[in-house]
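Only one structure is covered here, and it is reproduced in the block below.
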Amino acid sequence: MDIKALERFVSDWGYSKNLKPIKKSHDKNKLISIIGAGPAGLSSAYFLATYGFKVVVYERHSTPGGLLVEGIPAYRYPKEVFEKELRYIKDTGVEILLNQNVDKDKFINIVEESDAVIVATGAQSPGEIGIEGEFLENIYNGIEFLREINFGNHEVLNINKYDRIGVIGGGYTAFDVARVSVRLGANPFIIYRRTLNEMTAHPGEFEEAMREGVNFHFLRQPIKIEKVSNGLKLICQVMKLGPVDESGRSKPVPVKDKREIATTKILTQNISRRQPDWWWKQFHLKIEKVTLMRFCSP
């Protein structure tokens, strides 16, 4: 049973019938403040509002949504769908304040005014491969790449037809980058250190990407990146599968004295993002008055 397809059918039907959210409890006269209007912040706001809490969301950017609008391409999550979902959330009474830079003083004020505070600033820090050359020009984090596309800044990436675009990783962001690149007329290829069976993305993603023209290089581990006259040179260690590791997947191990070289104009790293500690630690506060909750969207 395809649960996500059933959920999509129900939500599409509900929006077509102009259904409104239902309050599940009477007003509690309690204020919940949420820092961040990404997936975690908006979801928390919606459910809290339906249970009668007054909810105010503080968002740093000029638009709410976080990764929903920045890191998911339109072919997978059309903007009009997000607008419907955002309107549905606001119909519960959620207030969203934009362009809010929550520094130490503002955070203290929010805490003093609230009965509880949820910090939902998300996984903002990109992951790193940890190899030589990964910070050269024309190397992007996958979310950064998708953000430029989603916000219409194609010229920043300077992608031309038939350009080769290397995509490191085997999760959904890697597939999104590759499939968006196809739609821009480029020739993307995904580099993954394991095999298809170990990819975290759904197998259907692979089938659709293949049909669209994405190429794959399995059992290849990037070990060095160099700048060359025609773009970037990616040096990869050839791998083979070894014992199962803590993730429950076969661990890739190097094949002795076997390497390959690929050239590309643009390279994207699609490594798991992490939640930064700098936002939280900068305040150096001991807060006992309210409940503080901390969420990090996956």
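Computed from a predicted model, the values in this text were never measured in an experiment. Each residue takes its place number in the sequence, starting with 1.
Proximity of N150 to Y77: side-chain heavy atoms (C-beta onward) are nowhere separated by under 4.5 Å. Between I143 and N270, every side-chain heavy-atom pair lies at or beyond the 4.5 Å cut-off. Considering only heavy atoms from C-beta on, S114 stays 4.5 Å or farther from K54 through its side chain.
No cation-pi contact links K30 to F53, judged by a cut-off of 6.0 Å to the six-membered ring centre and 45° from its axis. Annotation: cation-pi geometry not satisfied between R220 and Y192 (NZ/CZ under 6.0 angstrom from ring centroid, within 45° of ring axis).
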Might you work through the side-chain contact (heavy atoms from CB on, under 4.5 Å) test for L219 and V238, ending with a clear yes or no?
CA-CA 6 Å; L219 293 171; V238 177; 5.5 Å; no

Step by step, work out the side-chain contact (heavy atoms from CB on, under 4.5 Å) result for F218 and N197.
CA-CA 10 Å; F218 292 112; N197 293 331; over 6 Å; no

Before you tell me yes or no, could you show the steps for R249 and D245 under salt bridge (Lys or Arg N to Asp or Glu O under 4.0 Å), namely the whole-Å CA-CA distance, both residues' side-chain angles and the distance that decides it to 0.1 Å?
CA-CA 6 Å; R249 298 175 294 171; D245 63 14; 5.4 Å; no

Go through it in stages, so that I can follow the logic: the residues are V177 and L146, the test is side-chain contact (heavy atoms from CB on, under 4.5 Å), and I'd like the CA-CA distance, side-chain angles, deciding distance and then a yes or no.
CA-CA 7 Å; V177 168; L146 292 171; 4.0 Å; yes

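Every salt bridge (Lys or Arg N to Asp or Glu O under 4.0 Å) that D2 has, sequence neighbours left out, goes to K4. Applying the side-chain contact (heavy atoms from CB on, under 4.5 Å) test to I139 and every residue at least two apart in sequence or in another chain returns L136, I225, L232, L267, Q269.
From I168, atom CD1 reaches atom SG of C236 across 7.0 Å, with rounding to the nearest 0.5 Å.
Hydrophobic clustering, with ILVMFWY side chains joined whenever heavy atoms are under 4.5 angstrom apart, keeps I72 apart from F145. Note: the hydrophobic cluster containing F175 does not contain Y172 (ILVMFWY, side chain heavy atoms under 4.5 Å, direct or indirect links). Note on I223: it does not cluster hydrophobically with I271, by side-chain heavy-atom contacts below 4.5 Å among ILVMFWY residues. In the hydrophobic cluster analysis, where Ile, Leu, Val, Met, Phe, Trp and Tyr join through side-chain heavy atoms closer than 4.5 angstrom, I34 is grouped together with L98. Under the 4.5 Å side-chain heavy-atom criterion for ILVMFWY residues, no single connected hydrophobic cluster contains both I235 and I190.
With ring centers used as reference points, H217 lies under 6.0 Å from F189. Within the 6.0 Å centre-distance limit, the rings of F216 and F206 are counted as a close aromatic pair.
The pair R8-D12 meets the salt-bridge criterion, with a side-chain N (NZ, NE, NH1 or NH2) lying under 4.0 Å from an Asp/Glu carboxylate O. Under 4.0 Å is where a charged nitrogen must lie from a carboxylate oxygen, and between E226 and K224 at least one such pair does.
The stretch residues 167-179 participates, sequence neighbours left out, in these salt bridge (charged side-chain N to carboxylate O under 4.0 Å, His left out) pairs: R76-D176, R179-E205, R179-E208, R179-E212.
The two residues L68 and P39 come nearest to each other via the heavy atoms CG-CG, 3.8 Å.
S181 pairs in a side-chain contact (heavy atoms from CB on, under 4.5 Å) with only one of the listed residues (I165, D163, I149, T268), which is I165.
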